[in-house]
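Just so you know, these numbers use all the heavy atoms, side chains as well, and skip hydrogens, waters and symmetry mates. Throughout, protein chains are lettered first and strands after them, A, B, ... in sequence-line order, and every chain is numbered starting at 1.
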Amino acid sequence: MTLEEFYVRQLRLLDDGAVEEWADTFTAGAVFTQHAPAGRTFAGGAPAVRSGRVAIAAALRAAVAKRAGSRVTRRYWLGMLRADGAGRTRWLAFNIETPVGGRPVLHNSTGGEDLLVPAGDSWRVHRRTVVHDAAAPPTAG
Amino acid sequence: MTLEEFYVRQLRLLDDGAVEEWADTFTAGAVFTQHAPAGRTFAGGAPAVRSGRVAIAAALRAAVAKRAGSRVTRRYWLGMLRADGAGRTRWLAFNIETPVGGRPVLHNSTGGEDLLVPAGDSWRVHRRTVVHDAAAPPTAG
Amino acid sequence: MTLEEFYVRQLRLLDDGAVEEWADTFTAGAVFTQHAPAGRTFAGGAPAVRSGRVAIAAALRAAVAKRAGSRVTRRYWLGMLRADGAGRTRWLAFNIETPVGGRPVLHNSTGGEDLLVPAGDSWRVHRRTVVHDAAAPPTAG
């Protein structure tokens with residue numbers, strides 16, 4: 001599986017709200033950190049740090065529950081991917097939200113850095129750091 | 001030609017309103033279906049199904065005629081592509097519309113599944129199923 | 001370095017406002033032209049043409065200075081890339097601007113054509129022609 005394929009699969013699981021399968025794309029000890037852009041802080045004052053696959057899954061499960069019944073379709077796009085050959089990647093991502101009968105709008109714009117480790121013929125994320133351009137508090141895993 | 005190259009070529013033909021060349025990227029017996037998201041229906045009540053290259057071309061020709069003189073530039077993006085090695089693909093797409101002197105806006109957000117068949121050193125689409133996130137009636141081929 | 005990697009690197013330098021490194025992705029004699037769509041003209045009446053890396057760098061430096069302190073994060077996306085094997089490429093690009101605490105919005109939608117020349121294990125742009133869909137005067141390099 002190429003890196004591109006790994007990310008497409010991971011993000012489509014996020015689109016689908018497939019919490020357990022998505023969480024399984026992280027290592028058991030993964031650390032997922034979400035920051036405001038440099039020089040800013042999230043409303044809560046600190047980066048959101050989730051340590052371990054269990055905490056990462058719980059955050060997404062809460063976000064999925066919150067969106068249940070919202071009748072908004074969300075699609076994640078990831079691109080502008082760079083890799084150093086040793087599992088370190090940089091990428092950009094955004095998602096598009098479309099309400100029933102409405103116009104699609106951009107919901108988040110982010111830049112991320114991952115440390116991936118091999119897992120069979122694929123990878124898992126061991127460390128993910130995401131900068132949220134809006135510097136609004138993160139609401140999803 | 002890689003799958004990515006096939007899709008870039010096909011979508012740029014759509015940008016350009018090149019109806020005949022675009023239609024030639026489908027097989028003569030291709031079926032093109034556009035759905036609302038699961039649990040919803042298009043305003044017209046049913047999926048839009050176009051059977052055969054002639055019908056597929058006619059739908060785009062009508063859409064191009066309708067947009068003629070609109071002074072809006074439309075750009076299709078396709079990404080998040082997955083392929084199973086047997087001609088089945090999944091992808092996301094959106095298009096950006098920009099009026100003269102105005103801001104670009106997202107016009108459609110969709111997810112698609114294709115069955116491709118080999119055609120020389122490229123492919124043709126034999127079956128395409130597209131989900132329109134907005135669940136508005138499709139207006140273009 | 002693949003073409004995709006070249007473009008990701010070049011555009012991330014633009015995101016970062018890294019003027020000198022970005023300018024070094026052009027040849028010394030590069031020509032960078034920005035057009036309105038066919039049949040239209042920029043407000044200024046003529047295409048913006050910058051000849052030579054020095055002029056190209058100066059235009060970006062001015063744009064970066066103008067945005068300094070704007071508290072808006074800008075992210076460039078490039079995709080739908082085609083190459084002919086002889087250094088000629090075609091692509092689409094847009095950028096997303098996100099103000100602090102605000103929603104991300106599309107800022108520009110463009111289509112470009114490059115002539116690239118080999119440079120070590122990478123490339124430099126020798127000729128770039130960009131069509132700005134909005135037909136507004138270009139403000140950045």
Smallest heavy-atom separation, B:R75 atom then C:L92 atom, equals NH1-CD2, 3.6 Å
Of C:R82, C:M80, C:R90, the largest count of non-hydrogen pairs under 4.5 angstrom with chain B goes to C:M80
From the list B:E5, B:R12, B:R103, B:E97, the residue making the most non-hydrogen contacts under 4.5 Å with chain C is B:R12
- Should we count CZ of C:R61 as having more than 12 external heavy atoms under 6.0 Å? yes
Of all heavy-atom pairs linking B:W77 and C:W77, the shortest is CH2-O, 4.0 Å
Interatomic distance, NE2@C:H132 vs OG1@B:T98, rounded to 0.5 Å, equals 11.0 Å
**Flag side-chain contact, heavy atom, 4.5 Å: B:V105 against C:L106** = no
In terms of heavy-atom contacts, C:A134 and B:G102 come closest through CB-O, 3.3 Å
